[in-house]
Colleague: 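My structure is below; once you've seen it, I'll send some questions.
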Amino acid sequence: MTTHDVMALLQGTWFAADLGPRALGHLAALGRFEEIPAGTVVVREGLRCDSLGVVISGRIALRLAVPGSPDRTILTVHDGDVFGWSAVLPRPVATSTGVAVVPSSAITFDGPALRAGLAADCELASALFERLLVSVSRRLIATRVQLLDLYQAGAAPW
Amino acid sequence: MTGATCFLPRADLDRLFAALRADDRTILGPAVSDGAVIYDEVASPAELPTGWESDTEPGSYRLRETGSSRAFDYVLPVTSWKRYTHPAFVPLTRARRDGSQVEVEAVLDPPPRLAFVGVRACEIAALDIQERAMRAGPIGDADHAGRRDAALVVAMECAAATSTCFCTSMGTGPEVRQGADLIASELDEGFVIRSGSATGAAMLAGLDLEPADPAQVERAAAQVAAVRTRIGDPVAVEGLPERLRAALDSPRWEQVAERCLACANCTLVCPTCFCTSVGVASDLDGQEATTERHWDSCFSLGFGRVAGDANFRPKVKDRYRQWLTHKFSTWFDQFGSSGCVGCGRCVAWCPVGIDVREELAAIAPVEGPRGPIPWPPAPDAGHAPAALTVVAPARHVTTSVVAVTQETADTATLRLATSDAALLAARPGQFVMVELPAFAAPPISISGIRPDGLDLTIRSAGPATAAIVALGPGAQVALRGPLGRGWPLESAAGRDVVIVAGGVGLAPLRPVIEAVLADRARYGAVRLYLGARTPGDRLFAAEVAALAGRSDLEVAEIVDRAGPEWLGQVGIVTHLFDHATWNGDRVTAFVCGPERMMQATAAALTGRGVDPAAIWLTLERNMACGVGTCGHCQLGPFFVCRDGPVFSIAELGTAFGREGL
Ligand SMILES: Cc1cc2nc3c(=O)[nH]c(=O)nc-3n(C[C@H](O)[C@H](O)[C@H](O)COP(=O)(O)OP(=O)(O)OC[C@H]3O[C@@H](n4cnc5c(N)ncnc54)[C@H](O)[C@@H]3O)c2cc1C
Ligand code: SF4
Ligand code: SF4
Ligand code: FES
């Protein structure tokens, strides 16, 4: 798959749709298209997170280990959403386990290469961090809403 | 109807009493009891409080003996006439359960024929105001209407005022201009009296009195004019409803709440407060039960409580704000007048002396802002009824359970058979009060409308709902309804439809889905977004799976949390569409679920460009009557039962989601 193809795929997602052409070109050059068969673990909670992914198709479940019971899915991510966002942090440790629950695909970015690319390209960095923040804040809001346990008796009227 | 003004000598007052008794009426009037004047049955003029005056101040009431020959110098009794038009206890239903058979019938005792003697101008206004509230419909309170119609009013213009009176500001007194059958003024030697209705005129003619001397008429007029001067104009009412609406966030609410004991004295003595709750009594095995309406107050902690111990007005400041803003602001939206007549009872009988006049001046000062107002000024929910409803007793229709589907661990759908035409004509979004003997009737949305009956989908959330979901086929249950305003499906014709449901919130939306699919060509794209707490909490799972297989609508489901076995989406319901590409201006949205979920959904929809006037949701509130007469379900100017439960975001303005309202 050429950089041009990766660019086209990225541009089709909400995540990268309105990136400027130069930043988009640079980002695409750092990314790689991957098919992800169902059941594949893309990141593992507590371990080093080597790559950031932007989902192109399918569904990745983000799960937390709950001692004494099965893992709990806290969020699923879909086209345009990211997984492995900790890959851009100086200490890249995954905060949940990502599992493809259906056959999926993504553009993935090698963590160290991406961080070096962002350090060298301020325009790309500011655009990418803004989108990552949107994505992370959306998750934060979801987590807070889930914490309120809206549908549970007590919080939910009916 | 005002005839000539006559003179009734004091010694002849018992002739008036005799005429009232001859008209088969029990006479009620002022009498001294336990150091206060109250209204009670008075057999003769000798029982009137002759020679007593009252002094009231914030938090204080004193009777003083003057030795005067006058009987009506006490200004106002503690209690008001609502004791008789809107009694503290009124039986509502009698129910029987015989095996699985259930029968509920409305109890409506014939109203007593009463004569109210000594009614003040402010009290006539109060009788009127309360009657408007009780007849505002759609169904109204038959007991209240019957009692009010059967009462004869003998007014007595005030010859004295106390420091707590402010009828002059409220425009209700002290002069009596209308609303009474007989209108009298007391002089030392007797009464100047005229008629105010045909009944009063006939009674006066029967007394065969001499015309009053013009000098007497003049003295009576001067006397009431002096009362007006004495009271002055203590409350600035111009613009008060708007000023109060703009002051919902005043820090003063918190300050007054520190003093307020939430004892509800003010609402109990207030002649216009009408709020009630329903009490249930039954024999030990629940076979025979009665329900009774009793006075309650927006100051009670439980007044805004809903299932699961949620409470819409948990704090005293919320409840004081409800009281004051209802009386002086939202009453105008609801009934076209103020809810206060300026009698001052709430000031005198507040144990800590909170003075409503002082609070109004501090919270909504004359020079204070009049906007922005929290809800649109003229909601198209049909407030301020122009005509009073003719009222009939409530109808309780017995229906039979034909099938029960267990939807989730705590929720079941009851299929009920009925041939009742009104129930079968129910519209999507309407609800019924479900009556099972020995339980307070809960409001339940209609989740299916069929040619031979209705479906109700009920979560077991407390005693009544638990008993209802436990019913099996063959059991009976009584319904009152259909009630409320449903989903405005017509407004979605020719537009795209987005339906967002959370949890049991899918129940009231199910008839919408059925109606839209039954007339599919009438609508553009149809999208259904369903949220639930866990995969096990999804309602109508088989029906939803069948819908997902159709090509003429989009269905997406998401759950809040799930185990590894769930391969569907996990997250909050707004994740289903916050990155969607559809165009918001073509969308009419119907939303139901827990209030916070609806807030998040409404924000996400407006964020996508959907017009707030095209986002409809159905609200949950505590409900006892379902028809706008018990006061429980109020939200700002709205009665959720009568004006809703379906509202648009535009109608609700910032009343939606505002804490403590
Ligand atoms: C318009 C409307 C439609 C509703 N539709 C449905 C539905 O389709 N399915 C469903 O499962 N639930 C529905 N509810 C909620 C349902 O009415 C409550 O769960 C039910 O009243 C709880 O009563 P309970 O006695 O079982 O529980 P408790 O929590 O013990 O109720 C305590 C008391 O609160 C009083 N009360 C009055 N109104 C309410 C209220 N709204 N919620 C809770 N308590 C109230 C009742 O008189 C009751 O005696 C609806 C509520 C409203 C306002
Ligand atoms: S609010 Fe107070 S002053 Fe006004 S009518 Fe009620 S009791 Fe009287
Ligand atoms: S809600 Fe209104 S009518 Fe009811 S008790 Fe409160 S102030 Fe009175
Ligand atoms: S006023 Fe009684 S439920 Fe609305």
Side-chain angles (χ1 to χ4, degrees), chain A residues 12-18 38-39 41 54-55 58-66 68-82 96-104 131 134-135 137-158, chain B residues 305-310 312 410-411 442-445 457-462 465 502-505 507-508 531-535 537 556 558-576 578-581 592-600 604 619-622:
Chain A
T13 66
W14 68 265
F15 186 81
D18 55 353
V41 175
V54 176
V55 181
R59 181 177 309 145
I60 312 286
L62 302 180
R63 294 180 177 160
L64 288 184
V66 184
S69 56
D71 285 3
R72 178 175 296 176
T73 303
I74 47 152
L75 194 72
T76 50
V77 291
H78 310 89
D79 42 325
D81 295 331
V82 297
S96 59
T97 298
V99 185
V101 286
V102 296
S104 307
R131 282 160 182 75
V134 169
S135 197
S137 86
R138 184 169 176 259
R139 271 178 216 188
L140 201 65
I141 292 167
T143 310
R144 280 185 6 211
V145 172
Q146 285 163 329
L147 264 181
L148 288 173
D149 202 0
L150 287 186
Y151 304 116
Q152 196 204 20
W158 44 295
Chain B
R305 194 181 86 77
V306 290
D309 271 340
F312 285 101
D410 60 4
T411 305
I444 299 293
S445 300
T457 301
I458 304 174
R459 196 186 81 178
S460 167
T465 44
V504 190
R533 183 173 177 237
T534 70
D537 294 316
I558 196 161
V559 299
D560 239 27
R561 63 195 62 192
E565 71 291 347
W566 168 255
L567 302 183
Q569 301 203 42
V570 178
I572 54 178
V573 74
T574 51
H575 283 181
L576 293 174
D578 59 0
H579 291 312
T581 50
C592 182
E595 194 144 317
R596 258 184 216 274
M597 168 264 168
M598 293 198 287
Q599 283 168 30
L619 292 183
E620 155 91 347
R621 280 295 180 279
N622 187 307

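Just so it is clear, the model here is predicted, and its values are computed rather than measured.
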Colleague: Between A:R138, A:R59, A:R63, who has the most heavy-atom pairs with chain B when the cutoff is under 4.5 Å?
Modeller: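 It is A:R138.
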Colleague: For B:P564, is there any backbone N or O sitting under 3.5 Å from a side-chain donor or acceptor partner on A:T73?
Modeller: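 Not confirmed, A:T73 side chain does not pair with B:P564 backbone.
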Colleague: Given heavy-atom pairs under 4.5 angstrom as the criterion, report whether the side chain, backbone, both or neither of A:R72 touches chain B.
Modeller: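 Both backbone and side chain of A:R72 come within 4.5 Å of chain B.
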Colleague: Do you know which two heavy atoms are closest between A:A142 and B:H575, and how far apart they sit?
Modeller: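 What the structure gives for the nearest pair is CB-CE1, 3.5 Å.
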Colleague: With sequence neighbours excluded, tell me which residues meet ring-ring contact (aromatic ring centres under 6.0 Å, His included) with A:W14.
Modeller: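 For A:W14, the residues satisfying ring-ring contact (aromatic ring centres under 6.0 Å, His included) (neighbours in sequence not counted) are B:H579.
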Colleague: Between A:L75 and B:G571, which heavy-atom pair has the shortest distance, and what is it?
Modeller: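 So the minimum-distance heavy-atom pair works out to CD1-CA, 3.8 Å.
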Colleague: Taking side chain as everything from C-beta outward and backbone as N, CA, C, O, which of these in A:D81 sits under 4.5 Å from a heavy atom of chain B? Side chain, backbone, both or neither.
Modeller: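 Only the side chain of A:D81 comes within 4.5 Å of chain B.
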Colleague: Quick one: what part of A:R139 sits under 4.5 Å from any heavy atom of chain B, side chain, backbone, both or neither?
Modeller: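 For A:R139, neither part sits under 4.5 Å from chain B.
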Colleague: Less than 4.5 Å to any heavy atom of chain B: does that hold for the side chain of A:A61, its backbone, both, or neither?
Modeller: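 No part of it gets close to chain B.
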Colleague: So, taking the atom named CG in B:L576 and the one named NE2 in A:H78, what distance separates them when rounded to the nearest 0.5 Å?
Modeller: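 NE2 of A:H78 is found 8.0 Å from CG of B:L576.
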